[in-house]
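Down below is the structure, laid out as structure tokens.
FYI, side chains are in, hydrogens and waters are out, and symmetry mates aren't considered; it's all heavy atoms of this structure. Per chain, numbering begins at 1; letters A, B, ... match sequence-line order. Please read all numbers here as calculations on a predicted model, not as lab measurements.
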There are 2 protein chains.
Amino acid sequence: MTKVARLYEGTETAGKREAILNAALRLFTERGFHGTAMPSVAELAGVGAGTIYRYFESKEALVNTLYRDWKNFQITTILKDVPEETPLREQFRIYWNRLVEFAAEFPIAFGFLELHFHAPYLDEESRAMEERGHNALVSFFQHCLRQQIVKNLPPEMLGALVVGAYVGLVKASRAGCFQLTQEMIDQAEACCWEAIRR
Amino acid sequence: MTKVARLYEGTETAGKREAILNAALRLFTERGFHGTAMPSVAELAGVGAGTIYRYFESKEALVNTLYRDWKNFQITTILKDVPEETPLREQFRIYWNRLVEFAAEFPIAFGFLELHFHAPYLDEESRAMEERGHNALVSFFQHCLRQQIVKNLPPEMLGALVVGAYVGLVKASRAGCFQLTQEMIDQAEACCWEAIRR
DNA sequence: GAATGCGGAATGAACGTTCATTCTTTACCT
DNA sequence: AGGTAAAGAATGAACGTTCATTCCGCATTC
């Protein structure tokens with residue numbers, strides 16, 4: 001819930017730290033890290049330029065906090081509450097739907113995470129967060145491989161194809177190529193499973 | 001061949017314009033548009049800072065020239081010389097292989113085009129180039145749809161899934177997750193076709 | 001009235017761009 | 001051909017601007 005608040009609460013009522021994070025999320029996503037000026041973050045957040053430095057050590061610290069918080073939230077949201085005994089085919093469906101839901105519910109955060117993936121100004125801790133997500137993905141497909149329900153290919157490759165297709169789908173829908181209905185989401189999920197199923 | 005020259009010729013022997021374009025391609029890809037300083041482009045190109053402005057009106061003009069040239073080259077390379085009567089399944093294989101070849105042969109240009117896709121500082125002409133590629137993709141899948149050899153989904157969606165998977169695959173291989181062998185490229189192609197085939 | 005939080009002008013570094021100057025090539029004359 | 005002058009390219013220090021960050025005075029709280 002804290003994340004929803006951070007995105008959608010009016011910036012005047014919210015704490016200044018959250019207002020700054022919200023403003024930075026939007027501007028970094030729209031204009032990129034180097035393309036965003038700190039005073040413009042302050043303006044959008046409705047705070048003085050100096051106030052940002054009461055909460056964040058530097059511009060880099062700000063972008064890293066944002067990246068860590070959202071990446072962590074994304075991973076947690078996608079992975080939570082799936083019983084281990086759930087059939088893997090069903091797990092795939094669940095994860096797929098959660099990925100799409102995440103992109104629909106937090107479109108700016110989705111864009112932010114996409115844009116800043118592997119960026120050179122991300123620090124060790126942010127990189128570690130990226131790896132956590134990567135490991136979860138790989139271990140899921142390793143699990144699938146052990147059950148021989150997917151093609152015998154490196155799990156990293158299966159993950160890359162599926163996640164790539166997911167990102168492509170969301171970005172195209174965002175670009176206005178089409179509007180994603182639940183039916184289309186289900187069909188895309190079927191496509192992705194057929195791509196990798198044994 | 002002119003493109004190969006632009007990427008790989010020693011900058012000292014090449015014309016200054018090409019040296020500048022090569023340097024800018026590398027730096028814009030590594031550090032992004034706003035993260036790259038013009039004097040650093042000049043330094044890498046082995047020319048004076050002012051010299052850039054004899055060939056390009058501004059930093060934006062430089063990035064747009066780069067984008068247009070490479071996008072145009074990419075589209076031309078992918079689409080050239082495929083007889084209309086070639087079976088669509090075979091055409092798919094050809095286009096897939098050419099996409100992967102392009103990314104392998106021009107890795108920096110691939111990264112550049114990916115990073116700057118839809119960037120706000122691209123001008124009308126660059127956008128038009130993007131659309132040319134998009135149209136080619138869509139019309140190929142429309143063709144497939146008419147022959148009823150792919151799932152009955154919007155052609156933009158089929159394209160988004162396949163190209164997304166392609167980008168995901170190349171990026172993962174670039175990140176060091178695995179080394180792409182021809183066998184893996186073929187297997188990935190099969191995956192993508194199975195994803196969309198009827 | 002002391003302490004804390006905040007705003008926004010101030011600061012110095014770095015940016016994109018310009019321009020007076022130098023170097024290189026070309027053209028012409030003898 | 002040799003010599004000279006004009007033209008064109010190239011240069012990099014310098015310019016104005018913008019940026020991330022700092023700092024100081026004000027407001028608010030206890």
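Using a 4.0 Å heavy-atom distance criterion, Thr36(B) is classed as a sugar-phosphate-only contact. At the heavy-atom level, Ala37(B) lies under 4.0 Å from the strands shown only through sugar-phosphate atoms. Across all strands, Phe56(A) comes closer than 4.0 Å to no nucleic acid atom at all (heavy-atom distances).
Ranking dA9(D), dG16(C), dG5(C) by closeness to the Arg54(A) side chain, first place goes to dG5(C). The side chain of Met38(A) lies closest to dT21(D) when the candidates are dG5(C), dT21(D), dT17(C). For Lys59(B), whose side chain is taken as the heavy atoms from C-beta onward, the closest listed nucleotide among dC19(D), dA10(D), dG16(C) is dG16(C). Comparing dG16(C), dC6(C), dT21(D) by their nearest atom to the side chain of Ser58(A) picks out dT21(D).
Per the geometry, CD belonging to Glu57(B) stands 10 Å off P belonging to dT17(C), to the nearest Å. Atom CZ in Arg31(A) sits roughly 14 Å away from atom P in dT18(D) (whole-Å rounding). Between the NE2 atom of His34(B) and the P atom of dG16(C) there is a distance of 10 Å, rounded to whole Å. Rounding to whole angstrom units, CD1 of residue Ile20(B) and P of dT11(D) are separated by 8 Å. One can place CD1 of Ile52(A) at 13 Å from P of dC6(C), the figure rounded to the nearest angstrom.
The ring of Trp70(B) has its center no closer than 6.0 angstrom to the ring center of Phe112(B).
Ion pairing between Arg89(B) and Glu189(B) holds under the 4.0 Å rule for side-chain N and carboxylate O. Between Arg93(B) and Glu90(B) there is a salt bridge, since at least one side-chain N of the basic residue sits less than 4.0 Å from a carboxylate O of the acidic one.
Evaluated for a ring-ring contact (aromatic ring centres under 6.0 Å, His included) with Phe73(B), the options Phe110(B), Phe106(B), Tyr67(B) yield exactly one hit, Phe106(B).
Taking side-chain N and O atoms only, Tyr53(B) has no distance below 4.0 Å to OP1 or OP2 of dA10(D). Residue Lys16(A) places at least one side-chain N or O closer than 4.0 Å to OP1 or OP2 of dG7(C).
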